[in-house]
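Step one of this worksheet: look at the structure below.
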There are 2 protein chains.
Amino acid sequence: MNLPQKIAGVNKNSIPRLVQYKYVLKKVLASGSDRVYSNELADAIGITAAQVRKDFSLFGIMGNKRGGYSVSDLLGIIQRILGSQPGQDVIIAGMGHLGIALSNYKGFEKEGICIRAGFDIDPVKCGVQGNIPVYPFSECEGYISNRNIKVGILAVPADAAQLVLDVMVRGGVEGVLNFAPVHLMAQRSCVIHDVNLGVELEFLLYFVNALNNRGGKA
Amino acid sequence: MNLPQKIAGVNKNSIPRLVQYKYVLKKVLASGSDRVYSNELADAIGITAAQVRKDFSLFGIMGNKRGGYSVSDLLGIIQRILGSQPGQDVIIAGMGHLGIALSNYKGFEKEGICIRAGFDIDPVKCGVQGNIPVYPFSECEGYISNRNIKVGILAVPADAAQLVLDVMVRGGVEGVLNFAPVHLMAQRSCVIHDVNLGVELEFLLYFVNALNNRGGKA
DNA sequence: CCCTTTTTGTGAAAACTATCACATAAAAAG
DNA sequence: CTTTTTATGTGATAGTTTTCACAAAAAGGG
Ligand SMILES: NC(=O)c1ccc[n+]([C@@H]2O[C@H](COP(=O)([O-])OP(=O)(O)OC[C@H]3O[C@@H](n4cnc5c(N)ncnc54)[C@H](O)[C@@H]3O)[C@@H](O)[C@H]2O)c1
Ligand SMILES: NC(=O)c1ccc[n+]([C@@H]2O[C@H](COP(=O)([O-])OP(=O)(O)OC[C@H]3O[C@@H](n4cnc5c(N)ncnc54)[C@H](O)[C@@H]3O)[C@@H](O)[C@H]2O)c1
């Protein structure tokens, strides 16, 4: 399984948007206001107001005709949909450059996500890196099963990625955010979400190149 | 402009796949083989063979009935489509954790991408970080225009992102890979591609939570 | 209290994307 | 040379996602 086919008729693209709405709503709430309109949310994340309302409609979220939405209510509902309760524990395998960057990022804890530990085969990386303890990779499976960790971040080189995934899955993770540029296969049921930063950069380059009326070059 | 609406009737989703095909083709070529079938490419990136052939069909790429594709030919064609010639210069604004990780990543140069320099307002970050020179941010605009840099990576805090984008665009960049979790607006024509790692992680968490038959919780 | 304004909620339509299925070509086998 | 096998290329189909457009509800003004 790489991504679940379908969760109850929901448009899959609306999930990342819900997360973005959440970010915006927190900002609006912090700014003191408790009222927000679909067009404001739309502008804040660069989409149309109709799209915002359609997303809400899909999840049965209702506002007030003419009165917009209560920011705090909306935030609560979206957080419930996303399942973002405090204390969502995550571990990182591979405390190289990317693992370090992720472990130091302050933004996750604001969303109730707690990066508990890192694991690495390199003894030099073990000890304490910034915020979190880093253990030898041999302890990874046990840590996951003992602490009932459900989600892991995979930030090891591509060669090691499948092997590391297998260990995590044996430990009991149910979801993995994979940064290694390879397609992985989980033995048991485990959702794998790939983030390939190389692809993202080359995707951008394609558009930049294409708009620069490349075409005479070949 | 956030992403160009349409480039010549091409399915936008096929572009990241082309990049992935390219990665696979390079591996296959390195392994000695010069022949590949649509189902092999499909398996390697976790999609269907029909999808692979449809992507190729869309770009007018043709193989041999029954004989699959010549790996080297295919690679050449895809690289031409993507515009991936050697020496695509990129700069990074914000040499914090993420900027450092990206600047140290070896995978980019294999694709002809060269990260030339970093820029940061923090004098402590300036000098040489790993592979690349890091200059004060005040020099960013001049560097971009003098060296005709077309693409920038934005890895500064969200507060500073719009300001930093404006400087980059004034310098003359035509594309920006934005890691800051905010929606940005370019003054002039500049393609902005957002990568929001928080959203990616929370997207995964949604599926993990949803599959764990959450629902009785509310 | 009624009229105007504004913003929601949502079916219907449009646009986009993926899958199917099969004709077609070429290689291999007989 | 003919038959069989295998994999491509693509029109047709199915599915998904976004946009449109407008009725309906609520707020506010006169
Ligand atoms: N850094 C980037 O900007 C970037 C960009 C694109 C893709 N990626 C991908 O992200 C992943 C991580 O990148 P990085 O730059 O952090 O790499 P890195 O080399 O800096 O770090 C990898 C870490 O994994 C550890 N490791 C290796 N094998 C292991 C194993 N079997 N078990 C546990 N730990 C192991 C290494 O000791 C090292 O600390 C790689 O797959 C890379 O291709 C990174
Ligand atoms: N690190 C992560 O894992 C992670 C995860 C999700 C999102 N992000 C986002 O990516 C961006 C970078 O994250 P990070 O962890 O590298 O942050 P960081 O704080 O480590 O680094 C930010 C860097 O930007 C520099 N900077 C600040 N203002 C600047 C300006 N005006 N001009 C030039 N440089 C400036 C700072 O000096 C610092 O070196 C942030 O927007 C963050 O929200 C990061």
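Here the structure is a predicted model, which means the values were calculated and not measured. Heavy-atom basis, side chains included; hydrogens, waters and symmetry copies ignored. Order of the sequence lines fixes the chain letters, A, B, ..., with proteins taken first and strands second; residue numbering starts at 1 for each chain.
Under the 6.0 Å cut-off for aromatic ring centres, A/His97 and B/Tyr105 do not qualify, their centroids lying 6.0 Å or more apart.
Between the CZ atom in A/Phe179 and the CD1 atom in A/Ile153 there is a gap of 6.0 Å [rounded to 0.5 Å].
Contact check, A/Gln51 against D/dT17: no side-chain N or O comes under 4.0 Å of OP1 or OP2. Phosphate proximity of C/dC16 to B/Asn11: absent, as no side-chain N or O sits under 4.0 Å from OP1 or OP2.
Distance B/Arg35 CZ to D/dT8 C1': 12 Å, rounded to the nearest Å. Going from atom NZ of A/Lys12 over to atom P of D/dG15 covers 16 Å, rounded to whole Å. The distance between atom CZ of B/Phe59 and atom P of D/dT10, rounded to the nearest whole Å, is 14 Å. Between B/Ile77 atom CD1 and D/dT8 atom P the separation is 14 Å, expressed in whole Å. Taking atom CG of B/Leu74 as the reference point, atom C1' of D/dT8 lies 13 Å away to the nearest angstrom. Put simply, NZ on B/Lys54 is 7 Å from P on D/dG11, counting in whole angstrom units.
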What verdict does the side-chain contact (heavy atoms from CB on, under 4.5 Å) test give for B/Asp120 and B/Phe137, after you've listed the backbone C-alpha separation in whole Å, the side-chain angles of each residue and the deciding distance to 0.1 Å?
CA-CA 5 Å; B/Asp120 207 294; B/Phe137 182 69; 5.9 Å; no
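Counting non-hydrogen atoms under 4.0 angstrom, A/Tyr69 reaches the backbone sugars and phosphates but no base. Heavy atoms of B/Arg17 sit under 4.0 angstrom from primed sugar atoms or phosphate atoms, though from no base atom. Here A/Thr48 lies in heavy-atom contact (under 4.0 Å) with sugar-phosphate atoms only.
Within the structure, salt bridge (charged side-chain N to carboxylate O under 4.0 Å, His left out) contacts touching residues 171-187 of chain B (residues at least two apart or in different chains) are B/Lys150-B/Glu174. Here side-chain hydrogen bond (donor to acceptor under 3.5 Å, both in side chains) pairs that include residues 38-51 of chain B, with residues two or more places apart or in two chains, are B/Ser38-B/Arg53.
B/Tyr69 is linked by a ring pair (Phe, Tyr, Trp, His ring centres under 6.0 Å) to B/Phe56, counting only residues two or more places apart in sequence or in another chain. Shown here are the side-chain contact (heavy atoms from CB on, under 4.5 Å) partners of B/Ala44, two or more places apart in sequence or in another chain: B/Val24. Remark: A/Arg147 pairs with A/Tyr143, A/Ile149 by the side-chain contact (heavy atoms from CB on, under 4.5 Å) rule, at least two apart or across chains. Scanning for salt bridge (Lys or Arg N to Asp or Glu O under 4.0 Å) contacts around B/Asp89 gives B/Arg116, with sequence neighbours left out. Partners of A/Ile113 by side-chain contact (heavy atoms from CB on, under 4.5 Å), not counting sequence neighbours, listed by chain and number: A/Gln88, A/Val90, A/Phe108, A/Glu111, B/Leu201, B/Glu202, B/Leu205. For A/Asp166, there are no salt bridge (Lys or Arg N to Asp or Glu O under 4.0 Å) partners at least two apart in sequence or on another chain. In terms of the side-chain contact (heavy atoms from CB on, under 4.5 Å) criterion, residue partners of A/Gln79 (sequence neighbours excluded) are, by chain and number, A/Lys22, A/Lys26, A/Leu75, A/Ser84.
Looking at the side chain of A/Asn13, the nearest of the listed nucleotides D/dT17, C/dA12, D/dT10 is D/dT17.
Shown for residues 21-28 of chain B: no residue has heavy atoms falling under 4.0 angstrom of DNA chain D. Contacts with DNA chain C (heavy atom under 4.0 Å) in residues 36-43 of chain A: A/Tyr37, A/Ser38, listed by number.
Two residues, A/Met62 and B/Ile47, neighbour DNA chain C, and the one matched to the more 5' nucleotide by heavy-atom proximity is A/Met62. Between A/Asp55 and B/Arg53, the residue anchored nearer the 5' end of DNA chain D, judged by the nucleotide with its closest heavy atom, is B/Arg53.
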Close N/O contacts between protein and nucleotides 27-29 of chain D (under 3.5 Å):
unit_1: D/dA27; atom_1: N3; unit_2: A/Arg66; atom_2: NH1; d: 2.8

